[in-house]
Amino acid sequence: MAQTSFELIARDGRARRGVIRTPRGEIRTPAFMPVGTAATVKGMMPESVAATGADILLGNTYHLMLRPGAERVARLGGLHTFMNWSGPILTDSGGFQVMSLAELRKLTEDGVTFRSHIDGSKHMLSPERSMEIQKLLGSDIVMAFDECPALPADRDRIAQSMRLSMRWAARSREAFGDRPGHMLFGIQQGGLEEDLRGESAEALKGIGFDGYAVGGLAVGEGQEAMFGCLDYAPGMLPEDRPRYLMGVGKPDDIVGAVKRGIDMMDCVLPSRSGRTGQAWTRRGQVNIKNARHADDPRPLDENCTCPACRGYSRAYLHHVFRAGEMISGMLLTWHNLHYYQELMAGMREAISDGRFEAFETEFHAMRAEGDI
Ligand SMILES: CNc1nc2c(CCNCC3CCCC3)c3nc(N)[nH]c(=O)c3cc2[nH]1
Ligand SMILES: [Zn+2]
């Protein structure tokens, strides 16, 4: 019996419901994966993250290799022990973060050298080093080392970048080796060019991966262009493997991506915006710092069962944000992650019941534009 597996449970149109099984636990798909960049989902205890309904969270090769160091995390028992999260962890391969965070980057066929944005120390990442770091961290789902081109980029630049990423995907697969109980995902590139997306998908299928990510999106192209790409890109990937859309997104991005065959997503939005006072609810967004909430005794969302909505008023949340109290970011992050998980659970049920279209219609009908 393979130690990891993906089972498709139901389909509704192109939307799919499934479960990924790993030795550290099951991941119900479609799944939203909270981001734990520096070995913590900011403002949340791990048991709180689990309480929101998350089955899996994300770690970050780039941040952890710089601080506290992958070898140190390994010496301390690996990332699960280090951050007290016993469930599955997926780690990104670091290339995307280098290109968006590091200084003095130098990109060659071999990999990328860069200086830490924390202390200026010199580092390198390559497919081989990225696989080694993700193994040291002990993550259950490992991402191939890729290059995500900054947009806008001309077609030739996108083609060259995609082909480099495909050579790196082969090296990632080779360096990953045979690790029962762990999964290696390839990452499709190709920008918004359908033929290049097809070339990338064929290259990845030729190498063979346990799952496939749609990369190179959510980099400023906008929702319409992203959905246009998702109308064909996921379908190019193997039907019987999980499909992971990287870096997405707002609630309506997520519903549209699941509709188009995506099984997994990650985004810093619910946690990052929670820390800035931005609440996401089924009826739209609430900016709790807005003065109009100062005397409002109602919860953020009457129908929400999270601790922020069960125990506190908008007036209180407004106050603690204005006062800069720690509990402000904690409560809103919890609410946002809870809401995201409720959205995923609702879609999983809707797919099983064959009523995804009705779910999507109701989702949009309830969302007022602007602040509520
Ligand atoms: C926000 N938009 C976006 N993110 C992308 C990401 C990062 C996804 N999130 C990773 C977590 C964030 C910090 C810890 C891990 C991408 N990553 C890779 N490897 N390749 C992409 O094309 C790629 C593309 C992406 N687009
Ligand atoms: Zn709530």
Side-chain angles (χ1 to χ4, degrees), residues 22-25 33-50 52 54-106 110-146 148 172 175-177 179 181-185 246-247 266-268 270-272 274-275 326 329-330 333-334 337:
T22 78
R24 283 203 172 93
M33 306 183 284
V35 170
T37 293
T40 161
V41 177
K42 293 181 175 23
M44 297 285 286
M45 302 276 285
E47 44 270 48
S48 307
V49 176
T52 65
D55 294 330
I56 177 172
L57 57 79
L58 255 69
N60 192 336
T61 292
Y62 171 75
H63 287 81
L64 293 171
M65 72 186 278
L66 298 181
R67 181 176 59 190
E71 282 75 9
R72 171 171 284 134
V73 173
R75 283 198 305 273
L76 292 162
L79 188 53
H80 295 81
T81 302
F82 191 54
M83 71 180 290
N84 192 25
W85 172 265
S86 62
I89 293 176
L90 181 151
T91 45
D92 198 0
S93 43
F96 181 83
Q97 289 80 33
V98 168
M99 301 320 272
S100 47
L101 284 171
E103 290 135 24
L104 294 175
R105 306 176 298 261
K106 188 169 176 302
D110 184 49
V112 57
T113 58
F114 58 95
R115 284 191 179 278
S116 161
H117 71 287
I118 297 170
D119 62 12
S121 53
K122 282 192 78 167
H123 296 267
M124 72 79 99
L125 267 178
S126 63
E128 294 76 18
R129 177 61 179 149
S130 178
M131 294 303 109
E132 182 184 31
I133 290 172
Q134 295 181 74
K135 184 173 184 176
L136 286 165
L137 297 176
S139 58
D140 305 280
I141 301 180
V142 171
M143 300 307 294
F145 187 69
D146 66 331
C148 172
S172 297
F176 180 81
R179 300 184 62 209
H182 299 82
M183 301 175 97
L184 176 65
F185 280 25
M246 305 188 85
D266 84 277
C267 193
V268 296
S271 36
R272 182 175 294 169
R275 295 195 300 278
M326 294 170 73
M330 292 163 67
T333 299
W334 194 321
L337 291 176

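Bear in mind that the values here come from a model prediction, so they are computed numbers and not experimental data.
Counting only distance, with no hydrogens or angles, the side chain of Asp266 and the backbone of Gly247 share a donor-acceptor pair below 3.5 Å. For Ser116 (side chain) and Ser121 (main-chain N/O), no donor-acceptor pair under 3.5 Å exists by modelled atom type. Between the side chain of Thr61 and the backbone N or O of Asp92, at least one donor-acceptor pair lies under 3.5 Å. Here the side chain of Thr333 pairs no donor or acceptor atom with the backbone of Met330 at under 3.5 angstrom. Side chain of His117 to main chain of Glu103: no donor-acceptor pair is present (N/O by atom type, distance under 3.5 Å, no hydrogens or angles). Proximity of a side-chain donor or acceptor of Ser271 to a complementary backbone N or O of Val268 within less than 3.5 Å is detected.
More than 12 non-hydrogen atoms from other residues, nucleotides or ligands lie less than 6.0 angstrom from CE of Met124. More than 12 heavy-atom neighbours from other residues, nucleotides or ligands sit within 6.0 angstrom of CZ on Arg275.
Between Asp140 and the options His80, Gln134, His182, Arg179, a side-chain hydrogen bond (donor to acceptor under 3.5 Å, both in side chains) holds for only His80.
Atom CG of Leu104 sits about 9.0 Å away from atom OG1 of Thr113, to the nearest 0.5 Å. Glu132 CD to Leu137 CG: the interatomic distance, rounded to the nearest 0.5 Å, is 10.5 Å. Atom-to-atom distance recorded for Ile56:CD1 and Trp85:CH2 is 9.0 Å, nearest 0.5 angstrom. With values rounded to the nearest 0.5 angstrom, Leu57 atom CG is found 10.5 Å from Thr37 atom OG1. Between Met246 atom CE and Asp146 atom CG the span is 6.5 Å, to the nearest 0.5 Å.
Across all non-hydrogen atoms, the minimal contact from Arg115 to Ala102 is O-CB, 3.6 Å. Shortest non-hydrogen contact noted between Ser93 and Ala144 is OG-O, 2.7 Å. Of all heavy-atom pairs spanning Pro88 and Gly25, the tightest one is CG-O, 3.7 Å. Nearest heavy atoms, Pro127 versus Asp110: CD-O, 3.6 Å.
Sequence neighbours left out, the pairs with a member in residues 56-83 that pass salt bridge (charged side-chain N to carboxylate O under 4.0 Å, His left out) are Glu71-Arg129. Applying the ring pair (Phe, Tyr, Trp, His ring centres under 6.0 Å) test to pairs two or more places apart or on separate chains, those with a residue in residues 120-145 are Phe114-His123, Phe145-Trp168.
In this view, Ser139 and Thr91 satisfy the side-chain hydrogen bond (donor to acceptor under 3.5 Å, both in side chains) rule, not counting sequence neighbours.
Between Leu125 and Ile133 there is a side-chain heavy-atom pair separated by less than 4.5 Å.
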